[in-house]
Amino acid sequence: MNLDQMVEKILITEEEITRRVKELGEEISKDYAGEEVMVLCVLKGAFVFASDLIRAISLPASINFMCLSSYGSGTTSSGKVQVTKDLDCPVEGKHVIIAEDVIDSGNTLHFLVDYLKEKGATSVDVCAIFDKPSRRQVEVEVRYIGFEIPDEFVIGYGLDYAENFRNLPYLGVLKREVYEG
Ligand code: IMP
Ligand code: MG
């Protein structure tokens, strides 16, 4: 079976995502005009989004990576956030824009924004391509949002189910039998 055959439905198409990412890049470029920004990609899920976003930003921009984990291989948040790969260059004095794949409970970003401020970032803004506002357990201030989506477990455009499906170019929902094996 190929990947497409395991998808129940497409929520957001590749074309819609491309258009929206361009708009987000333009907004960021306008808001930070005259500055330099650092895009912080939250691995692994945001790697596709961050690579598109940074190319949509027309300012000097660097990229940095952190790996955080609040999920096992299942579909619900454990609530605890672990740094599994830390920053490898300083964020002190930088305008950091966190590129995140999806905001669910909010635990990951709640942790990360504080973490970056503690490390001396001049400013920290969040840019998430997808947001599930109905799932929030902790409040986070999010400056840039691509799409609000319903409370469903989604895959594609970097998002995984048990490390698969990240390479789908659109955002979709899996067929039930994939979870149920
Ligand atoms: P939060 O800490 O609960 O906000 O969850 C954030 C992280 O959980 C995201 O960055 C994703 O990596 C993962 N996640 C949340 N919802 C989904 C989903 O529907 N599909 C795949 N991963 C998800
Ligand atoms: Mg993530």
Side-chain angles (χ1 to χ4, degrees), residues 3-14 16-17 20-21 24 38-54 63-87 96-118 124-181:
L3 283 187
D4 286 319
Q5 288 169 310
M6 297 185 223
V7 174
E8 176 73 43
K9 62 179 177 207
I10 297 178
L11 285 184
I12 305 174
T13 66
E14 183 175 3
E16 288 170 320
I17 294 172
R20 188 70 188 115
V21 173
L24 291 172
M38 175 189 277
V39 174
L40 179 67
C41 172
V42 185
L43 294 170
K44 300 177 186 171
F47 82 106
V48 176
F49 173 49
S51 71
D52 285 344
L53 182 69
I54 199 165
I63 182 97
N64 210 333
F65 300 93
M66 275 182 80
C67 195
L68 300 172
S69 129
S70 66
Y71 272 70
S73 59
T75 60
T76 49
S77 175
S78 67
K80 265 203 299 197
V81 179
Q82 263 183 307
V83 176
T84 54
K85 182 210 171 297
D86 208 344
L87 296 164
V96 179
I97 295 168
I98 300 173
E100 176 61 310
D101 54 357
V102 58
I103 315 170
D104 189 73
S105 68
N107 286 321
T108 304
L109 285 174
H110 180 78
F111 168 86
L112 186 57
V113 170
D114 284 354
Y115 186 87
L116 295 168
K117 284 182 178 164
E118 257 169 48
V124 181
D125 271 322
V126 175
C127 181
I129 184 66
F130 307 115
D131 182 23
K132 296 186 207 171
S134 64
R135 299 264 307 167
R136 208 68 93 248
Q137 290 168 12
V138 289
E139 269 324 299
V140 276
E141 208 183 301
V142 186
R143 186 161 181 187
Y144 307 99
I145 289 174
F147 301 91
E148 283 193 1
I149 58 171
D151 178 9
E152 282 188 272
F153 193 80
V154 290
I155 42 87
Y157 198 64
L159 284 103
D160 74 306
Y161 171 66
E163 294 300 331
N164 281 310
F165 306 99
R166 296 189 194 274
N167 52 325
L168 286 173
Y170 52 78
L171 190 78
V173 177
L174 284 179
K175 286 184 178 157
R176 227 164 214 294
E177 57 259 38
V178 180
Y179 297 105
E180 286 163 4

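Remember, it's 1-based here, ligands and their atoms both numbered in the order they're listed.
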- Message: Once side-chain hydrogen bond (donor to acceptor under 3.5 Å, both in side chains) is applied, do any residues pair with Asp86, and if so which ones, sequence neighbours excluded?
- Response: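 Residues passing side-chain hydrogen bond (donor to acceptor under 3.5 Å, both in side chains) with Asp86: Tyr115.
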- Item | Qualifying residues under side-chain hydrogen bond (donor to acceptor under 3.5 Å, both in side chains), relative to Asn64, sequence neighbours excluded |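 So Asn64 forms no side-chain hydrogen bond (donor to acceptor under 3.5 Å, both in side chains) with any residue.
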- Query: Pick from Asp131, Leu40, Val42: which one makes a side-chain contact (heavy atoms from CB on, under 4.5 Å) with Glu100?
  - Reply: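 Of all the options given, the one that passes is Val42.
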- Message: Regarding ligand 1, does Leu109 bring an N or O atom to under 3.5 Å of one of the ligand's N or O atoms?
- Response: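 No, no N or O pair falls under 3.5 Å.
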- Message: Considering both backbone and side-chain atoms of Gly106, is one of its nitrogen or oxygen atoms within less than 3.5 Å of a nitrogen or oxygen in ligand 1?
- Response: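 The answer is yes, given that Gly106 and ligand 1 share an N or O pair closer than 3.5 Å.
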- Neighbour count above 12 (heavy atom, 6.0 Å) for Gln82 CD: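 Counting other residues, nucleotides and ligands, CD of Gln82 stays at 12 neighbours or fewer.
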- Message: Checking contacts here: is it the side chain or the backbone of Asp104 that comes within 4.0 Å of ligand 1, counting heavy atoms only? Could be both or neither.
- Response: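 The answer is both, backbone and side chain.
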Look at ligand 1 and say whether [X] reaches it with a heavy atom at a distance under 4.0 Å.
X      : result
Gly45  : no
Asp160 : yes
Glu152 : yes

Closest by any non-hydrogen atom to [atom]: pick that one out of [options].
atom                    : options                        : result
atom 16 (N) of ligand 1 : Lys132, Lys44, Arg135, Glu100  : Lys132
atom 2 (O) of ligand 1  : Val154, Val102, Asp151, Thr108 : Thr108
atom 18 (C) of ligand 1 : Phe111, Phe153, Phe130         : Phe153

- Task: Indicate yes or no for a side-chain donor-acceptor contact from Arg20 to the backbone of Gly146 under 3.5 Å, with no hydrogens or angles considered.
- Result: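 Checked: pair present.
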- Message: Main chain of Cys67, side chain of Thr84: is a donor-acceptor contact present, judged purely on distance under 3.5 Å?
- Response: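 Side chain of Thr84 to backbone of Cys67, a donor-acceptor pair under 3.5 Å: yes, one is there.
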- Could you tell me how the ring of Tyr161 sits relative to the ring of Phe153: parallel (under 30°), tilted (30 to 60°) or perpendicular (over 60°)?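 Taking Phe153 first and then Tyr161, their aromatic rings stand perpendicular (interplane angle over 60°).
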- Which of the ligand 1 atoms, numbered from 1, are nearer than 4.0 Å to a heavy atom of Asn107: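 Reading through ligand 1 atom by atom, the close ones are 2 (O), 4 (O).
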